Amino acid sequence: QKEVEQDPGPLSVPEGAIVSLNCTYSNSAFQYFMWYRQYSRKGPELLMYTYSSGNKEDGRFTAQVDKSSKYISLFIRDSQPSDSATYLCAIWLSSGSARQLTFGSGTQLTVLP
Amino acid sequence: NAGVTQTPKFQVLKTGQSMTLQCAQDMNHNSMYWYRQDPGMGLRLIYYSASEGTTDKGEVPNGYNVSRLNKREFSLRLESAAPSQTSVYFCASRDPGGQETQYFGPGTRLLVL
């Protein structure tokens with residue numbers, strides 16, 4: 001079993017839709033939870049970051065963490081064609097001085113105009 | 001401020017050939033990482049360097065070597081390339097600030113025939 005499982009998609013939605021992207025994880029020692037966005041043929045870039053259970057909002061994006069269920073979500077409101085990208089969840093496990101990120105496999109999202 | 005740069009952008013190798021992927025960052029970060037990204041597999045850590053002069057294996061180190069030349073540069077070497085090493089390779093550096101953000105380069109696409 002992978003440490004981080006992510007719905008692979010692909011996901012295609014009309015412009016203006018609410019998008020829900022999800023990941024589950026197995027290691028309760030994971031401490032920090034992130035969402036990266038990766039446009040085609042580009043490197044990933046950090047979108048959202050949270051370390052506690054609950055919701056964190058940033059504009060049209062909301063990151064949700066449920067540590068009791070080991071479940072994380074990213075919601076995109078009023079989705080735009082510019083949101084079309086691959087979204088990767090990433091979880092940080094502090095291990096000595098290394099602090100390695102464990103990534104989900106990514107969900108490819110297309111927002112249709 | 002260029003962030004994280006990688007060279008080359010694209011490379012074709014024959015089985016058994018060697019090559020070095022170069023990475024440099026100008027953000028004065030201590031930690032640097034090499035990942036590979038394959039379809040359906042997400043980003044997998046190959047090697048990392050917590051600080052200048054130190055390197056450690058990640059999840060998939062076999063067939064690779066690394067050198068942390070100085071604080072700015074972290075190179076990845078394939079001594080004898082195999083078709084299984086066909087992938088997109090990303091270098092990243094980590095901001096030690098509160099959000100522990102990893103900044104990624106644009107990637108190197110490698111095809112091994």
Side-chain angles (χ1 to χ4, degrees), chain A residues 1-11 21-27 30-52 56 58 63 65 72 85-108, chain B residues 2-7 9-10 21 23 25 27 29-61 66 68 87-109:
Chain A
Q1 182 191 4
K2 287 184 183 178
E3 284 193 297
V4 180
E5 298 275 3
Q6 183 171 2
D7 292 341
L11 191 58
L21 305 168
N22 307 295
C23 289
T24 58
Y25 62 96
S26 57
N27 189 341
F30 282 133
Q31 298 170 289
Y32 296 84
F33 308 90
M34 303 173 182
W35 285 94
Y36 278 79
R37 178 174 60 194
Q38 184 177 21
Y39 291 114
S40 181
R41 297 189 170 267
K42 301 288 187 184
E45 55 181 354
L46 182 68
L47 186 62
M48 297 283 289
Y49 167 101
T50 185
Y51 59 88
S52 59
K56 180 177 181 179
D58 184 1
V65 176
I72 64 173
T86 296
Y87 291 80
L88 300 140
C89 61
I91 306 180
W92 171 39
L93 173 65
S94 179
S95 174
S97 61
R99 297 181 176 173
Q100 301 176 41
L101 277 178
T102 299
F103 284 87
S105 56
T107 300
Q108 185 177 345
Chain B
V4 179
T5 57
Q6 292 183 237
T7 55
K9 285 186 170 54
F10 180 70
L21 283 66
C23 173
Q25 52 93 7
M27 296 175 282
H29 292 164
N30 288 323
S31 298
M32 297 184 72
Y33 304 80
W34 276 105
Y35 294 90
R36 60 178 289 173
Q37 187 174 37
D38 303 292
M41 301 292 289
L43 285 157
R44 292 183 292 169
L45 184 65
I46 305 171
Y47 270 93
Y48 62 92
S49 170
S51 61
E52 185 179 352
T54 68
T55 61
D56 284 287
K57 295 178 180 179
E59 182 185 354
V60 288
V66 289
R68 183 73 183 269
S87 188
V88 182
Y89 291 86
F90 289 100
C91 176
S93 68
R94 182 170 64 86
D95 179 356
Q99 292 200 357
E100 297 286 344
T101 303
Q102 286 194 16
Y103 293 89
F104 285 82
T108 294
R109 282 176 161 67

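None of the values given here were measured: they were computed from a predicted structure.
- For the atom pair Phe104(B) CZ and Gln38(A) CD, the distance stands at 8.5 Å (nearest 0.5 Å).
- In this structure, chain A has a heavy atom under 4.5 Å from the side chain of Tyr35(B), while its backbone stays farther away.
- Here the CZ atom belonging to Arg41(A) is positioned 8.5 Å from the CZ atom belonging to Phe10(B), to the nearest 0.5 angstrom.
- Proximity to chain A is limited to the side chain of Arg109(B), based on heavy atoms less than 4.5 angstrom apart.
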Does Leu101(A) form a side chain to side chain contact (heavy atoms under 4.5 Å, CB included) with Tyr33(B)? I'd like the steps, not just the answer.
CA-CA 10 Å; Leu101(A) 277 178; Tyr33(B) 304 80; over 6 Å; no
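- Taking the side chain to side chain donor-acceptor pair (under 3.5 Å) definition, one finds that Tyr47(B) meets it with nothing, sequence neighbours left out.
- Residue contact with chain B, scored on non-hydrogen atoms closer than 4.5 Å, is absent for Gln6(A).
- At a threshold of 4.5 Å between non-hydrogen side-chain atoms, the residues Leu43(B) and Tyr36(A) do not count as touching.
- Looking at Gln102(B) and Trp92(A), their side chains never come closer than 4.5 Å, going by heavy atoms from C-beta outward.
- With a threshold of 4.5 angstrom between heavy atoms, Glu59(B) does not approach chain A through any atom at all.
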Would Met41(B) and Phe103(A) count as a side chain to side chain contact (heavy atoms under 4.5 Å, CB included) here? Give the steps.
CA-CA 9 Å; Met41(B) 301 292 289; Phe103(A) 284 87; over 6 Å; no
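- A distance of 7.5 Å separates OG1 of Thr86(A) from CD of Gln37(B), quoted to the nearest 0.5 Å.
- With sequence neighbours excluded, no residue forms a side chain to side chain donor-acceptor pair (under 3.5 Å) with Ser105(A).
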